[in-house]
Amino acid sequence: MATMESLIGLVNRIQMACTVLGDHGGEGMSLWEALPTVAVVGGQSCGKSSVLESIVGRDFLPRGSGIVTRRPLVLQLHKIERGTEYAEFLHAPRKKFTDFAAALRKEIEDETERLTRKSKAISNRPIHLCIYSPNVVNLTLIDLPGLTKVAVEGQPDSIVEDIEMMVRSYVDKPNCIILAISPANQDIATSDAIKLAREVDPSGDRTFGVVTKLDLMDAGTNCLDVLEGRSYKLQHPWVGIVNRSQADINKNVDMMAARRKEQEYFESSPDYGHLAHKMGSVYLAKLLSRHLESVIRQKIPSIVALINRNIDEINAELDRIGRPIGVDGGAQLYTILEMCRAFDRVFKEHLDGGRAGGDRIYGVFDHQLPAALKKLPLERHLSTSNVRKVVSEADGYQPHLIAPEQGYRRLIDGSLGYFKGPAEASVDAVHFILKELVRKSMAETVELKRFPSLQAEIAAASNEALENFRDESRKTVSRLVEMESTYLTAEFFRKIHAESDNNPRDIHNNKHSTTSHPNADRYNDHHFRKIGSNVSAYIGMVCDTLKNTIPKAVVYCQVREARRSLLNLFYAQIGRKEKEQLGRMLDEDPMLMEKKETLSKRLHLYKSARDEIDSVSWK
Ligand SMILES: Nc1nc2c(ncn2[C@@H]2O[C@H](COP(=O)(O)OP(=O)(O)OP(=O)(O)O)[C@@H](O)[C@H]2O)c(=O)[nH]1
């Protein structure tokens with residue numbers, strides 16, 4: 001069997017969690033409602049506050065005339081072995097109250113006002129107070145407003161019914177243990193507490209009858225008929241209490257002294273002496289604690305079942321609407337970065353292999369570029385007639401002496417000019433492939449499916465990055481081409497020159513060769529054809545070079561950059577964004593976000609409650 005401490009402590013913790021969530025009853029079967037609670041019920045001035053304080057052993061409840069308790073007060077008593085007693089509110093965790101009579105009392109008043117304003121109205125929202133003390137037993141009690149018959153000055157007329165409704169909402173629940181307090185100096189048949197208890201718990205199973213003010217009974221009368229269960233039968237024994245009188249309170253009689261006095265009262269009483277060991281506030285506290293523990297033990301299986309049912313329902317709901325993203329900017333940023341990583345992973349798989357796409361880039365270099373180079377109108381450009389035209393124009397009125405230097409340069413420049421087209425076409429072709437891969441990767445990133453806005457943002461940033469890479473790449477390839485025309489490989493021409501010099505057949509067959517008779521053959525076809533074929537050979541060599549260097553430049557500027565910094569731009573952008581903008585990126589409609597948040601908090605609550613229950617050792 002689990003120990004009493006662990007069982008009641010368990011329920012205390014679950015109750016606290018429920019309060020944090022605002023889960024204190026209402027629609028459906030909440031966890032709160034499944035937990036056994038002890039609600040203190042009684043008419044005004046019947047001595048409710050006195051009983052509670054006496055159970056705690058300290059003065060701490062607000063005093064005053066009229067209805068002082070206007071919000072339920074969930075009072076959790078935790079027994080500690082030693083040390084000074086202190087109190088903590090759930091609404092102000094980490095603030096320890098040790099001054100019960102002044103500071104703690106004031107905080108209860110202030111917190112009551114915080115919700116009800118000064119209107120003296122009442123609120124269903126409980127105030128949650130934990131008291132840690134060596135002088136208490138583990139117990140959770142709920143102090144409710146005293147049942148009243150008339151509204152006083154400043155209170156709405158509805159307050160009488162409002163209080164009754166609120167008290168009923170607690171005692172109606174089958175899990176509620178009713179601590180029904182009636183003053184002894186009043187007929188038990190007219191007790192507000194007993195009237196209500198009789199209605200909601202006719203069998204008296206869950207009602208504990210408490211009689212206060214035994215000391216105020218008329219001389220010669222006693223309360224034995226009630227205390228011995230003859231006036232009104234309950235399943236549990238009645239407990240008589242003697243609290244401090246108003247005069248004691250005014251004299252500041254301390255609680256411990258009052259407890260002793262109470263015990264003495266019973267022990268020395270001719271009427272109640274035989275019941276002394278079953279009377280008084282200390283006994284009442286123990287009785288309740290024991291009972292609560294046994295009830296909790298009975299309830300555990302049904303609580304676990306409820307928790308499991310709730311967990312399943314919440315999980316199903318979260319699966320339907322999607323799991324929440326953290327509320328704070330950090331968590332949102334984290335989620336966005338996770339998505340980016342997922343996207344980037346898919347994109348890289350396309351480039352590096354594993355997914356189709358990267359091979360098409362190779363296709364550009366292997367087919368498209370060579371084919372385009374082959375189609376260049378070089379033949380036309382280097383046709384004898386054009387060579388003649390270009391060379392003649394370059395020479396002007398002075399014919400060239402040996403080789404038409406200017407003519408060569410112009411022919412080469414002109415030819416190289418054609419290379420820009422295919423070079424840029426390769427850049428563009430790769431650009432479009434990369435863009436297509438971004439689009440594909442986006443569609444294939446499962447994680448991103450839920451976030452159309454984020455998808456759009458990542459796509460926009462990726463495409464912008466690709467445009468930048470394309471610009472860089474264009475500049476680089478056109479530079480490659482320009483470099484070829486700004487500095488020619490002189491070696492090549494010297495070699496041609498030397499070859500034709502050393503080639504006797506050439507000299508023999510070509511009497512009008514440029515080298516032997518340049519001036520004489522200025523307009524000779526053969527001369528121009530020769531120039532054309534020399535230039536063509538040179539261009540062929542350059543073409544082979546560019547066929548290799550253009551792909552290198554394109555890969556360097558576009559593919560490599562896309563692989564390693566496609567999202568850098570995006571990262572820089574989101575780094576500057578505010579929480580709201582991040583939220584918008586994640587497409588979270590605020591209502592939905594709140595709902596998810598609540599659901600996941602609830603899920604967390606239920607899971608930790610289940611863990612708590614599991615961790616209570618059953619021997
Ligand atoms: N002599 C004597 N006086 C008591 C006893 N119980 C309560 N009183 C006095 O009765 C008055 C009302 O007691 P409370 O404990 O404030 O009663 P309550 O039910 O909390 O009152 P409300 O919260 O205003 O409804 C106080 O002056 C107490 O001192 C008792 O057993 N004996």
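Note that ligands are numbered from 1 as they come in the structure, with each ligand's atoms numbered from 1 the same way.
- Remark: ligand 1 and Asn243 share an N or O pair separated by less than 3.5 Å (distance only, no angle test).
- In terms of polar-atom proximity, defined here as any N/O pair under 3.5 Å, Gly146 makes no such contact with ligand 1.
- Near Val242, meaning under 4.0 Å from any of its heavy atoms, are these atoms of ligand 1: 31 (O).
- Using a 4.0 Å cut-off between heavy atoms, Leu61 makes no contact with ligand 1 at all.
- Ligand 1 places these atoms under 4.0 Å from at least one heavy atom of Gln44: 25 (O).
- Close approach to Gln246 involves these atoms of ligand 1, each under 4.0 Å from a residue heavy atom: 26 (C), 27 (O), 29 (O).
- With ligand atoms numbered from 1 in the order given, ligand 1 contributes 29 (O) to contacts under 4.0 Å with heavy atoms of Ile249.
- Between Asp611 and Lys607 there is no salt bridge, since no side-chain nitrogen of the basic residue lies less than 4.0 Å from a carboxylate oxygen of the acidic one.
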- Query: Could you go step by step and tell me if His91 and His128 meet the ring-ring contact (aromatic ring centres under 6.0 Å, His included) rule?
  - Reply: CA-CA 7 Å; His91 65 258; His128 214 111; 10.0 Å; no
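- Residues Phe89 and Phe97 bring their aromatic ring centres within 6.0 Å.
- In Arg63, neither the side chain nor the backbone holds a heavy atom less than 4.0 Å from any atom of ligand 1.
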- Message: Between Phe266 and His277, is the ring-ring contact (aromatic ring centres under 6.0 Å, His included) condition met? List the steps.
- Response: CA-CA 8 Å; Phe266 285 111; His277 62 291; over 10 Å; no
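- Ranked by closest heavy atom to atom 10 (O) of ligand 1, the top entry among Lys213, Met217, Glu262 is Lys213.
- The shortest N or O to N or O distance between Asp215 and ligand 1 is below 3.5 Å.
- Neither the backbone nor the side chain of Asp248 has any atom closer than 4.0 Å to an atom of ligand 1 (non-hydrogen atoms only).
- No option in Asn310, Ile314, Leu318 other than Ile314 meets the side-chain contact (heavy atoms from CB on, under 4.5 Å) test with Arg602.
- Atoms of ligand 1 lying under 4.0 Å from at least one heavy atom of Ser49, given by number and element, are 15 (O), 18 (P), 20 (O), 23 (O).
- The nearest pair of heavy atoms linking Gly240 to Leu227 is N-CD2, 3.5 Å.
- The cationic group of Arg105 does not satisfy the cation-pi geometry with Phe60, failing either the under 6.0 Å distance to the six-membered ring centre or the 45° limit from the ring axis.
- Ser281 approaches Ile55 most closely through the heavy-atom pair O-CG1, 4.2 Å.
- Distances shorter than 4.0 angstrom occur between a heavy atom of Ser45 and an atom of ligand 1.
- Of the polar atoms of Cys46, at least one N or O is found under 3.5 Å from an N or O of ligand 1, judged by distance alone.
- The aromatic rings of Tyr132 and His78 lie parallel to each other, their planes meeting at an angle below 30°, with 60° marking the opposite boundary.
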